[in-house]
Amino acid sequence: MNSSADRLNDACRWLESQKSVITQQLVQWAEIASGSHDTEGLQQMADRLRSDWQQHGLILQPTSLPSIEEIDSHGDILCWKTVDALVARQRPEAARRVLLAIHFDTVYERESSFRQCQWLDADRLRGPGVVDAKGGLLVMMWALAAIEKFDLAAEIGWTAILNPDEEIGSPASAALFQQQAGQHDFGLLFEPCLPDGAMVSQRKGSGNFTIVVRGRSAHSGRDPENGRNAIVLLSQVIGEVDRLNDPQAGTTVNVGRIEGGGPLNRVPDLAIGRLNVRVSDASALADFENRLGQIVVQANQREGFEVRLHGGFHAPPKSVDDRTRKIQLAVEASLDTAAAAIRWQSTGGACDGSKLAFYGLPNVDTLGPRGGNLHNPEEWVDTASLVPKATSIVRLMTDYSRGVGPLA
């Protein structure tokens, strides 16, 4: 039987030989619309993933998720079910285990006009979700396929989680991540690295909040004094919330959506404001929650109004501790000797890696391909980075199985 080093070289050569197949799959996957609320498209994507993984002898098992609660356009709580998460396991009885994860939802809903891929040059592909995170899905699948095909990780177990709700904060899959966090040694997540190839170290915390204001309707000409204008009060509340912005301290508030109103001759009795906040650390998180709560309590004291706050922080701030630094060193050691050194950078973005770190699992979360313009119709991926990224994971997992390197 070939040595571990020979099998590793064979695996790397095999991945390189599959480059055109991988690129074709990326186009096909990206052109399956799988917006976070599009359960039909998400199911189509899940079925395609299960089929493609099975081609490599890897079995993705559907795993039911709890219902998601959201505030609808009437200010009421709406419960709905997303599709199942997909979970694959190899050697679950092993003493040492690795958790790998990435999402298969995107920010592009079915009605989006951004549906097709387009080549910008020989390597850059523009398309919906090509880098966030259909490209990451491919890197993970092909890395695991090579690991199992060439028997490179017999001494360790691994679990792969593919979830359908990351772009809306993973409200349904958070419990699954919490359950799995304590059963693994560390995590590898396949969000895209930054456009220049840098990888993320620290992350800000992120929260989504909805403020629902209910007033009293009235005829705007006959008896406007009997009305209580929900839009006006919400506007005042939003103004106070906006003053919580403190960029120097790392706190940013984005009021992203306002709903309410109707006929212009009627005092509006409902207004809804939705906002996202980013904070740098746990202290800022607690301070923001406290100050936002005070604003809502004060507004709720206004006669004739009811003001309610919904939501919270779905991703806590993520820092780098000694355990995380060991994983970073292992990632650096897994690079091809000709590759440039990794630059680690903080970001305001959040992902499921933040949750896993909060649940006690150290992880690196930008192991996907290089790309840019996330969440807009100019999203692109450098397809030349797909195979090197997969190869890096193969090396990292092989070293961990052999008990060598920074993670030994």
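The first residue in the sequence is number 1, and the count goes up from there.
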task = Without swapping roles, check the side chain of D165 against the backbone of A172 for a donor-acceptor pair under 3.5 Å.
result = yes

query = Is there a donor-acceptor pair closer than 3.5 Å between any side-chain N or O of T366 and the backbone N or O of C193?
reply = no

ask   = By salt bridge (Lys or Arg N to Asp or Glu O under 4.0 Å), which residues pair with E109, not counting sequence neighbours?
value = none

inquiry  = Before we go on, tell me: are the rings of F288 and F209 under 6.0 Å apart, centre to centre?
reply    = yes

ask   = Counting N and O atoms only, with roles assigned by atom type, does the side chain of T383 sit under 3.5 Å from a partner on the main chain of D123, one being a donor and the other an acceptor?
value = yes

query = Would one find more than 12 heavy atoms of other residues, nucleotides or ligands at under 6.0 Å from atom CD of Q183?
reply = yes

key: Option passing side-chain hydrogen bond (donor to acceptor under 3.5 Å, both in side chains) with W158 (candidates E148, Q90, H184)   = E148

ask   = Salt bridge check: are R291 and E240 linked by an N-O gap of less than 4.0 Å?
value = no

task = Quickly, which of L407, V98, I147, T391 forms a side-chain contact (heavy atoms from CB on, under 4.5 Å) with L396? Name it, please.
result = L407

inquiry  = Donor-acceptor pair, distance only, cut-off 3.5 Å: does the side chain of R228 make one with the backbone of R302?
reply    = no

ask   = Taking E379 for the side chain and V131 for the main chain, is one N or O donor matched with an acceptor at less than 3.5 Å?
value = yes

ask   = For N208, does its backbone N or O pair with a side-chain atom of R274 as donor and acceptor, under 3.5 Å?
value = no

key: N/O donor-acceptor pair under 3.5 Å between K134 side chain and W29 backbone   = yes

key: Backbone of W380 reached by a side-chain donor or acceptor of R126 within 3.5 Å   = no

query = For the residue pair Q202 and S319, what are the closest heavy atoms and their distance?
reply = CG-CA, 4.0 Å

request  = Please name all residues satisfying ring pair (Phe, Tyr, Trp, His ring centres under 6.0 Å) with Y400, sequence neighbours left out, ordered by chain then number.
outcome  = F186

ask   = For R308, which residues count as a salt bridge (Lys or Arg N to Asp or Glu O under 4.0 Å) partner, sequence neighbours excluded?
value = E306

query = Ion pair present between R50 and D47, side-chain N to carboxylate O less than 4.0 angstrom?
reply = no

